Amino acid sequence: MDKLIIEGGRPLKGEVKISGSKNATLPVLAATLLTDETCVLRNVPKLLDTNTMVRLLKALGKDVDWDKDKLIIMSNGKPSPVADYKLVSTMRGSICVLGPLLTKLGEAKVSLPGGCVIGVRPVDLHVKGVEALGAKVEVEAGYIIAKARRLKGARVYLGGASGPSVLGTANIMMAAALAEGETIIECAACEPEVEELANFLNEMGARIRGQGSPRIIIHGVKKLHGADYRMSADRIEAGTFILLSAMAKNSNIVVRDCDYHQLTALDDVLKKVGATVVSQKDVVRVKAPKVLKPVSVTTYPYPGFPTDIQAQYMALMSLADGVSVVRDTVFPDRFMHIAELNRMGARIRREGGSAIVEGVGELCGAPVVASDLRASAALVMAGLVARGKTEIRRVYHLDRGYENIDHKLVMLGASIKREKE
Ligand code: UD1
């Protein structure tokens, strides 16, 4: 396992290019299971999670070739409906092979992804969705086993206790793409990654409309064909670098290849904290204010403030001039980073689904442990602005979702080294 060693306090200057979106790529890769024809995906981020998905596709009957940031996915003529525990357990995103396998092969046996450090992660909405389309579903020995001759379109309500489900919507949309008749998903997730999946499916010959809104209408077709598609930029990676820019004093970071319209909730908050934001086409430049105002946020499904930048925002608020409250309604237990930020001098306490953040004058370097993907990013940000040395262990979490992050930061002038633990 690797660790990162950061010497904090260096000014960060220069341009950073945002990679392709991880959360859009994973379901799009799963969607290639819906056709026997070849698909080409461009601007694919090289990450642990994309590699895991590629390994899963290989186990499910695909040959996959990497060519720089391009993936070529071909059928190897040996489709399998079984998504094994070993692969699914390392990455929850792999649950989205359920819909494509079921609708294409008539059966799917997908390991339950299990819980993870950001809290319990149920799959009831995925199951409810495929059952509504006529599948028989059983849970046996840790696997979801779903069967159906041909799925039939239906009206499906996909709202859960914490709102819509992103991958649940993706799964049902993919299942419905080859179902007989029309499916209407009500309370669908509106995340740009869901919209992107629908666009990719339409490129494959699907008939989907309403993507990006809470009602998606899918007219099932008999067959889908191959497609050549370019993944858009990762809004969460962009949000992370933008928050770093708001935090790093005497710095000047230019974030390139960013669709800032997807980050309106963040933009609104940045203006309230006093940061200067200039955005033009796909370039965003954010300047840290002299004094950071404390601003409370609550995470919501899109277009609300994303849970995936909650930890990074908390790192920013740990340096604000006063008290703020950070509440997560999407994953109310996603607070593992509190203890680690506190090791670096932050003053944060948890109260239920909220964190009370008392801003401090400065953070100081410390040995810390990365608990999950976005928490790791928060610790890197804190380390970059802290006084002294920060050692972050278990950075493989970071490698799941940030392409070449150490290299990108070094190019901005950060002192950051990777060593074996
Ligand atoms: C996706 C993202 C993840 C992001 C999350 C919320 C990927 C690969 N991952 O995860 O980065 O943090 O969206 O924006 O795209 N829920 C249920 N029942 C279900 C499914 C979910 O109750 O069957 C709940 C979850 O516990 C959570 C909420 O719904 O409280 C949202 O989860 P969901 O949108 O499903 O997250 P993912 O799609 O797994």
Side-chain angles (χ1 to χ4, degrees), residues 20-31 45 47-50 52-53 56 88 90-99 110 112-132 137 139 144 146 156-174 185 187-197 214 231-232 234-237 239-240 262-263 265-266 298-313 327-336 353 372-378 397-398 400-402:
S21 162
K22 167 181 93 76
N23 284 356
T25 298
L26 297 178
V28 162
L29 279 171
L47 299 167
L48 266 184
D49 275 10
T50 27
T52 305
M53 196 55 152
L56 185 57
V88 177
T90 59
M91 185 186 70
R92 190 185 155 85
S94 38
I95 182 75
C96 59
V97 299
L98 176 71
V110 179
L112 280 166
C116 67
V117 287
I118 70 172
V120 185
R121 306 214 29 196
V123 291
D124 55 308
L125 296 171
H126 302 248
V127 171
K128 176 184 166 184
V130 293
E131 278 180 341
V137 182
V139 175
I144 307 170
V156 189
Y157 178 78
L158 276 188
S162 308
S165 162
V166 173
L167 292 177
T169 305
N171 245 332
I172 307 315
M173 207 160 67
M174 290 188 277
I185 305 179
C187 202
C190 302
E191 268 69 5
E193 294 77 17
V194 172
E195 200 175 337
E196 182 145 18
L197 172 65
M231 303 309 307
S232 59
D234 195 307
R235 67 188 168 103
I236 303 302
E237 189 198 1
T240 304
Q262 295 179 345
L263 290 165
L266 174 62
T298 300
T299 71
Y300 288 110
Y302 190 82
F305 194 91
T307 173
D308 282 350
I309 51 172
Q310 176 259 104
Q312 301 89 313
Y313 183 72
R327 191 161 76 98
D328 201 321
T329 67
V330 181
F331 291 114
D333 286 322
R334 190 175 211 174
F335 286 127
M336 297 291 283
D372 66 79
L373 170 53
R374 308 302 171 188
S376 319
H397 288 294
L398 198 65
R400 285 188 39 216
Y402 291 91

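Whatever order the structure lists them in is the order used to number ligands and atoms, beginning at 1. Everything quoted here is computed from the prediction, not taken from an experiment.
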N-O pairing of Arg235 and Glu193 below 4.0 Å: yes
Contact check, Glu193 vs ligand 1, heavy-atom distance below 4.0 Å: no
Option whose closest heavy atom lies nearest to atom 4 (C) of ligand 1, chosen from Asn23, Asp308, Val166, Val123: Asp308
Residues Asp49 and Arg92 bridged, charged N to O under 4.0 Å: no
Options Thr25, Ile95, Val330, Asp333, ranked by nearest heavy atom to atom 30 (O) of ligand 1, top entry: Val330
Thr307 N/O under 3.5 Å from ligand 1 N/O: no
Within-cut-off N or O pair, Phe331 and ligand 1, under 3.5 Å: no
Atom indices of ligand 1, in the order listed, that fall short of 4.0 Å to a heavy atom of Arg92: 39 (O)
Proximity of Arg334 to ligand 1 by residue part, where a heavy atom lies under 4.0 Å: side chain
Any side-chain donor near an acceptor of the partner, Glu196 and Ser21, under 3.5 Å: no
Thr52 side chain near Ser94 side chain, heavy-atom distance below 4.5 Å: no
Backbone or side-chain N or O of Leu167 under 3.5 Å from ligand 1 N or O: yes
Ligand-side contact atoms (ligand 1) for residue partner His126, heavy atom cut-off under 4.0 Å: 23 (O)
Nitrogen or oxygen of Leu125 less than 3.5 angstrom from that of ligand 1: yes
Ser162: numbered ligand 1 atoms lying under 4.0 Å from its heavy atoms: 28 (C), 30 (O)
Within-cut-off N or O pair, Pro122 and ligand 1, under 3.5 Å: yes
Minimum side-chain heavy-atom gap Val88-Ile95 below 4.5 Å: no
